[in-house]
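Notes follow the structure.
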Amino acid sequence: MTEQALKVLLNDLSLEEKVMQLVQLPGVAYESGAAVTGLLNDTAKARTLRLAGSTLGIWGAEKLNRLQKEYMENHPHHIPLLMMLDVIHGHKTVFPCPLGQGAAFDPELTERAAAVQAREAAADGIHVTFSPMADLCRDARWGRVMESTGEDKYLNGLMAAAMTRGYQGKNLKDAGSVAACVKHFAAYGAAEAGRDYQNTELSEHTLREQYLPAYRCAVEAGARLVMSSFNTWEGVPSSANPWLMQTVLREEMGFSGAVISDWNAVGELVPHGIAKDEKEAALLAMRAGIDIDMCSGCYEKHLGALVEEGKVSLDMLDAAVLRVLRLKNELGLFEEPFHGAAPDKAKAILGAAEHRSLARKAAAESLVLLKNEGETLPLKGGKIAFIGPYADEKHLHSAWAISTDREDGVTVWQAAKEAFGQEAELRLAPGCLMLADGTATSLEVFTCPDAEKENARLLAEAKEAAAWADTVVLCLGEHFHQTGESASKVDIGLPEPQRRLLNALKPDCKRLAMLIFCGRPLTLQAESEASHALMICWLPGTEGGHGIMDVLTGREALSGKLPMSFPRHVGQEPLHYDQYMTGRPRPKEGIGSFTSHYLDCPNEALYPFGYGLSYTDFRVSAIRLSGDQLAKTGELTAAVTLTNTGKRAGTAVLQLYIRDLVGSRVRPIKELKGVRRVPLQPGEEKEITFAITEPMLRFWTVNRRMESEPGDFQAWIGLDSSTENTAFFTMTE
Ligand code: GLC
């Protein structure tokens, strides 16, 4: 439809039809088997089913095409229904969780992965995905760090833009595209004490410098929706915060698409104590610029009356409805309500071989090797025992992989048998239960009658296998439902039964390679000391077993880097490499009194942001700058010569960091400003350059605007954030 035709349609709608276009009903209102990803309130009435503008949590071409057909026939103006779903890291083919994709430092691969996810979701009738999640995450106690790409705004921006491009493709009308919804605006990751849904306490300068940039990258990449977050900023929840949702998002960032609240976030303005009742909540949300009310019922029940009472102007209502109609129009739904979805087509697309091979490559690229003493890895054959609750676990994805089939997953054990065949002797032993009996996860309480007896049985079997093996591959990790939404933890170590297993097996292991499955940084000091090799596998997805085995056998190179700092102790959280400078920095050597330190723990991470080993060795030459003066309109080049000094091919992830030595506000001790993935054959060397320009040096100054300030700067180029390969330059006026 043309814009003009949309406006004619808008003007022809009744007040009730307009209001209902802003109402999103839970999928269970239409389909009993729909996914429920939030708190349910009183279910929709038949009238609202007929008029609601969108729904979420249902998928399947046949089901959604039938629903769309019935819905449009019953709608007075035959307006199509928007179908939305959380396709966070995969629909049928599941890719590594976003934190694992962050670890790959490969936006190009992430864009291709998002395109596959969109193709599969669109084939199943989905029009909008609630992704990318662009929240900056610095506190590993928060379960949703799993859904982010980590603690760095630059990396998060690259990834959020890549996902947006991948989901939306060239044209939203294309059958393989879905609209991207960037979330959770804003600063949801700063929940106090890492506890989900908590308030945030952030200065405007930290919000602008650190938390907002990645959302902006997704908006600039063309994301068609933004989701308002549950949390407050400066004491006002986002869904009632006009400064955030209008001034910052629409006026400063230029966002023109639709804003949708998070699930029931409008209704939760009442328990927040911001609205005295649901009617006031609806009023505050409309004034803040929330176009679609996800599943709270506030708009459905009160928005019509608010308009009739003149508290919400018809213009404000029409503007919101027009944004929703435009979105449906951009997707081509008025002309093609099924958006190309068809059951026979879906069968060929869902789980296609090329999708799985990309997921296998993504899983391999996401792995981060933290330790590899005596070249324990790659595995050399012989007698290998795969032990632990993750050794033969199919569920290698997160609680958000709601539309996949767990049985599609490839386990480490399955992949090992395929990879080694008769070339090695293999044994499998689960070793222990994944969790202690009665442990809570975000979805259920883990129970196992006679847990102690079962763990004793499993341990005896595991000890025998460990004693038999030349190498033990110990597959441990946090439960896949202990990360994600509503999964904050104060203890971010391995579950107790697994720590006991490790302690019991240690004496029996000749060589011990540990694989850790997790959706957050864990405290792994003991595990690191006990193992000869330590690899972070995140939640690697459907092809996780194959991707891991490709790396364990050396068929795939290792290139993963940590997208979040791994702490020594949970007490260090929130922990991030780009901390602001303090007036009493701890000295490099020793502790020094009256300096910023802990009495009982070093300040530094156990493994820092950007760290990850390879199977080969790389030498980075001293950094070379093309000059020591940067003119405001000029450009400096920072270069190194990178050499593969090892015996294997490998891909290095070179990182450029910059520090502003003196600013009108405190400045981070260093900030990531560039990334290069550099494949090198053994003995090969390449000169790698990064351009340094003035816009890279801007921050929120005391003039309350993003600008650079002349002065002295320090640049580093290295293989992780702790690099000391540095040079200095000055930016002149
Ligand atoms: C959830 C999440 C959000 C998700 C939405 C719809 O509460 O906070 O990330 O997209 O509801 O499922």
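Atoms considered below: every heavy atom in the structure, side chains included; atoms not considered: hydrogens, waters and symmetry mates.
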Run E330 and K173 through salt bridge (Lys or Arg N to Asp or Glu O under 4.0 Å) and show every step you take. CA-CA 6 Å; E330 284 178 283; K173 290 186 169 65; over 6 Å; no

Plane angle bin for F566 and W538 - parallel if under 30°, tilted between 30 and 60°, otherwise perpendicular: perpendicular

Do any pairs count as a ring pair (Phe, Tyr, Trp, His ring centres under 6.0 Å) and have a residue in residues 148-168, sequence neighbours left out, and if so which ones? none

Does the pair D86/K183 count as a salt bridge with the N-to-O cut at 4.0 Å? yes

What I want to find out is whether D550 reaches R360 closely enough, with some N-O distance under 4.0 Å, to be called a salt bridge. yes

Worked verdict on F130 versus M227 for side-chain contact (heavy atoms from CB on, under 4.5 Å): CA-CA 8 Å; F130 296 121; M227 182 187 292; 3.3 Å; yes

side-chain contact (heavy atoms from CB on, under 4.5 Å) between T483 and L539, worked out: CA-CA 10 Å; T483 93; L539 295 170; 4.1 Å; yes

Quick one: sort the Y577 and F609 rings into parallel, tilted or perpendicular, breaks at 30° and 60°. parallel

R165 bridged to E111 by N-O distance under 4.0 Å: yes

Checking D106 now: which residues fulfil salt bridge (charged side-chain N to carboxylate O under 4.0 Å, His left out) with it, not counting sequence neighbours? R677

Positive for side chain to side chain donor-acceptor pair (under 3.5 Å) with D135, one of Y211, Y215, Y188: Y215

Taking the basic N atoms (NZ, or NE/NH1/NH2) and the acidic carboxylate oxygens, is any pair closer than 4.0 Å for D578 and R138? yes

Should the heavy atoms of other residues, nucleotides or ligands under 6.0 Å from NZ of K380 be counted, would the total exceed 12? yes

Between K92 and S403, is any pair of side-chain heavy atoms under 4.5 Å apart? no

State which residues pass side chain to side chain contact (heavy atoms under 4.5 Å, CB included) with Q422; sequence neighbours excluded, sorted by chain then number. none

Closest non-hydrogen atom pair between G222 and T164, with its separation: C-CG2, 4.1 Å

The criterion is side chain to side chain contact (heavy atoms under 4.5 Å, CB included); which residues satisfy it with E31, sequence neighbours excluded? A34, I58, K63, R66

Spacing of OG belonging to S54 relative to CE belonging to M294, to within rounding of 0.5 Å: 8.0 Å

Under 3.5 Å, which donor-acceptor pairs do the side chains of residues 95-104 form with other protein atoms, sequence neighbours left out?
from: Q101; atom 1: OE1; to: T110; atom 2: OG1; distance (Å): 3.2
from: Q101; atom 1: NE2; to: P96; atom 2: O; distance (Å): 2.9

Run T37 and I402 through side-chain contact (heavy atoms from CB on, under 4.5 Å) and show every step you take. CA-CA 9 Å; T37 51; I402 49 184; 4.3 Å; yes

Among all residues two or more places apart in sequence or in another chain, which pass the side chain to side chain contact (heavy atoms under 4.5 Å, CB included) test with A115? R119

Supply the atom-to-atom distance L680 CG to N644 CG, rounded to the nearest 0.5 angstrom. 5.5 Å

